[in-house]
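What follows is a short report on a single structure.
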Amino acid sequence: MLDLFSEIEEPEREELRNLRKELEEANYKYYVLNMPTLSDREFDEKMHRLQDLEAMFPDMFDPKSPTQHVGSDLAVTGYGLRVTGKGFEQVKHKYPMLSLANSYSREEIEDWVRKLPSGVEIVCELKYDGLSISLWYEHGVLVKALTRGDGQQGDNVIDNIKTIPSIPWKIERNDIPEFFELRGEVLLPWANFERLNKEREEQEEPLFANPRNAASGTLKLQDPREVARRGLDAYLYYMLGENLPGSTHFERLSVAREWGFHISDAIKVCHSVDEVMAYIAYWDTERKNLPVATDGIVLKVNNLAQQDELGYTAKTPRWAIAYKFPAEKQLTLLKEITYQVGRTGVVTPVANLEPVQLSGTMVQRATLHNEDFIKSLDIRPGDRVWVEKGGEIIPKITGRADRNDEMSATASLNDGMMYSFPTNCPECGAELVRVEGEAAWRCPNEAGCPPQIKGKIEHFVSRKAMDIEGLGEETIDLFYQKGLLRNIADIYDLRLEDIAAQERLGEKSAQNILDGIEASKKVAWARVLFALGIRMVGETTAKKIARKYNTIDSLQWATTEQLCAIEDVGPQIAENIVKYFEDIRNLEILDRLRKAGLQMEGEAAPEPTSDKLAGLSIVISGTFAHHSRDEYKAMIEANGGKNVGSVSKKTSFILAGENMGPEKRKKAEDLGIRLMTEDEFLEMLD
Ligand code: IVH
């Protein structure tokens, strides 16, 4: 007979199982990989749905369900995948480190308050957006600093925590309890985050999406000197232990402040929901002036005896709740779409906006990516558009307001006028081309289009290429305007009097520029080849080509087939190289560069220094504490190994650093390929 019940139940049971899996993965991506895939709100909604489903099917109770434990940042995850192999001591927490329930509205706060004893005092605090840390003090001495881990045990990162100037190593007082624990949040202040990302951009290393990710990556580094250099900070918000002074949370934090701990001043005891809402309204604006990231408010019952009575659920205290600020997005007027032409001729549409404040910075430009993106959102100048900073660094447009909305300045101006991408280059007027299969429009006028010319010169002088100091973007622009620079070879014809005659440039800076130009004549052949800016010939490819073709003459006559025999050189790159040498204008430039004395010849490939890695294909992924990626590449090659770009069956192992890409990780896991930490790798090579 047909079992009607199981037929009806089945889809919900399946939904339950899927939600468990999805939330477990989301936890893993958030805590371990530092790459959140769900917004907090989506996560909470899914978690609530899972809780409801679990209540419907008590027979499906599972202690491993994400409803029963907090996310984990430990090196070994629930999937059994060893992620970091870090040598941190794992320590069991004296008191479990729990999470907080989230709320998003006055109603939800009212619901929470209703469950509390009447007349309770509520302490409002800022919710700092970093990583929680638990500091153990014995006889006034800092003895452990534990990450949250899985809530039950965490990593002892004390050496890294000791780099934070505001955390005392020792408290010299005679009224200090034998043992106490202070919990708080480790953060990377905005200014340090921006500086770090700028450095990473220069080094061509992947950028951190936000200060939280940067703080998390930093705290798990093995080199405290690098941690110290990055400049973490911490705010403490919870003291616990036996026989501690004070009968309220507020008193305890005041005592901790007296003992020398960094306790925020933005703490307020409130007596009504109205007062709480006023605190929220004030800080939602004011937090933009804070040096660190905050993402909400934490509400805590002040009286410690009442806290004890209220107790805990499996994951959160009943005596505290978080209120999350709405996501940082703003509606603003799209004044105009302009177009930026890059060094390779790609034309990128840029939204010019009525300036708006977003996450503490003023935003007036945001990328619109390409023609397809603009068309899919049907965006036109005059629309009011949503700008978001989200996790990314470059602001993006995520939608537009309804054109009938009266808030919208949308100009019926544009009604009926469909957006169309320009047909000609906004800079030089050449007709744009769009290669089939590519989203970008390109200006083909390589030799005559000003931003392409200037971009090529900027690339040529950049640090990893010819490294000519003094020739920055503005100077190149000025020299271009004055007709002194039209291509890279013109650099070597610059004369002292021409440079010194320019406003803003005296004889001293003119001489500096000339010294920089002179020094560039010693730059090795591989870097000269990279500096030429042949499309798709990056730094590493240039090195590989230069090793095989150690004179420019031999390279000039290489065929696409011969070039394809070089590791990492595919038909597209080979064709770009052949085309480069077919263009008479390039040959003229090369001739002038040779006459100027640039290195157009190099040494033949060096022999490997060992064969420890002979026959091995190694993928490098993520960021590293001890050496740069380039240095690791060189080490692999010097030991007879082969550095390959993507993970496949043939990959021998992955040299895995911080923030390794999730796709690579998944593929490695699927193929059973070993992840080796940099310490293990260095040990192997001695
Ligand atoms: S109290 C038992 N106070 O938010 C509750 N947490 O989403 C202990 N957080 O894991 C936490 N600012 O890492 C508390 N003023 C604050 C906070 C705060 C940030 C973090 C903390 C916690 C997470 C929960």
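Computation of the quantities below employed the complete heavy-atom set of this structure, encompassing side-chain atoms and omitting hydrogens, waters and symmetry-equivalent molecules. In this text, all values refer to a predicted model and were calculated from it rather than measured experimentally. Both ligands and their constituent atoms are indexed starting at 1 by order of listing.
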- Electrostatic pair Asp159-Arg225, nearest N-O below 4.0 angstrom: no

- Message: Between Arg674 and Glu680, does any NZ, NE, NH1 or NH2 come within less than 4.0 Å of an OD or OE carboxylate oxygen?
- Response: yes

- Message: Among all the protein's non-hydrogen atoms, which is closest to atom 8 (C) of ligand 1, and how far away is it?
- Response: Tyr238 CD2, 4.2 Å

- List every atom of ligand 1 that sits less than 4.0 Å from any heavy atom of Arg148, numbering the atoms from 1 in the order shown and giving each element. 10 (O)

- is_close_aromatic(Phe681, Tyr632), centroid dist under 6.0 Å: yes

- N or O pair under 3.5 Å between Tyr312 and ligand 1: no

- Note on the structure: Near Val298 (heavy-atom distance under 4.0 Å), the atoms of ligand 1 are 3 (N), 15 (N), 16 (C), 17 (C)

- Item | Residues Arg665, Glu669: salt bridge by 4.0 Å N-O rule | no

- For Ser132, take its heavy atoms, then give the atoms of ligand 1 lying under 4.0 Å from any of them. 10 (O), 13 (O)

- Query: Do the two ring centres, one from Trp283 and one from Tyr323, sit under 6.0 Å apart?
  - Reply: no

- Out of Lys300, Lys127, His249, who gets a non-hydrogen atom closest to atom 3 (N) of ligand 1? Lys300

- Message: Using heavy-atom distances only, which candidate in Glu185, Glu125, Gln307, Arg183 approaches atom 20 (C) of ligand 1 most closely?
- Response: Glu185

- Would you say Pro317 touches ligand 1, if touching means a heavy atom closer than 4.0 Å? yes

- By number and element, which atoms of ligand 1 are closer than 4.0 Å to a non-hydrogen atom of Leu100? 5 (C), 6 (N), 24 (C)

- Task: Look at Asp44 together with Arg41 and state whether they make a salt bridge at an N to O cut-off of under 4.0 Å.
- Result: no

- Task: Going by heavy-atom distance to atom 18 (C) of ligand 1, choose the closest among Tyr235, Tyr95, Tyr237.
- Result: Tyr237

- Query: Which residue supplies the protein heavy atom nearest to atom 12 (N) of ligand 1, what is that atom called, and how far is it?
  - Reply: Tyr128 N, 3.0 Å

- Atoms in ligand 1 flagged as close to Leu126, the criterion being non-hydrogen separation under 4.0 Å: 12 (N), 15 (N), 16 (C)

- Message: Both conditions, 6.0 Å and 45 degrees, for the charged tip of Lys268 above the ring of Tyr282: are they met here?
- Response: no

- Are Asp223 and Arg229 ion-paired here, with the side-chain N under 4.0 Å from a carboxylate O? no

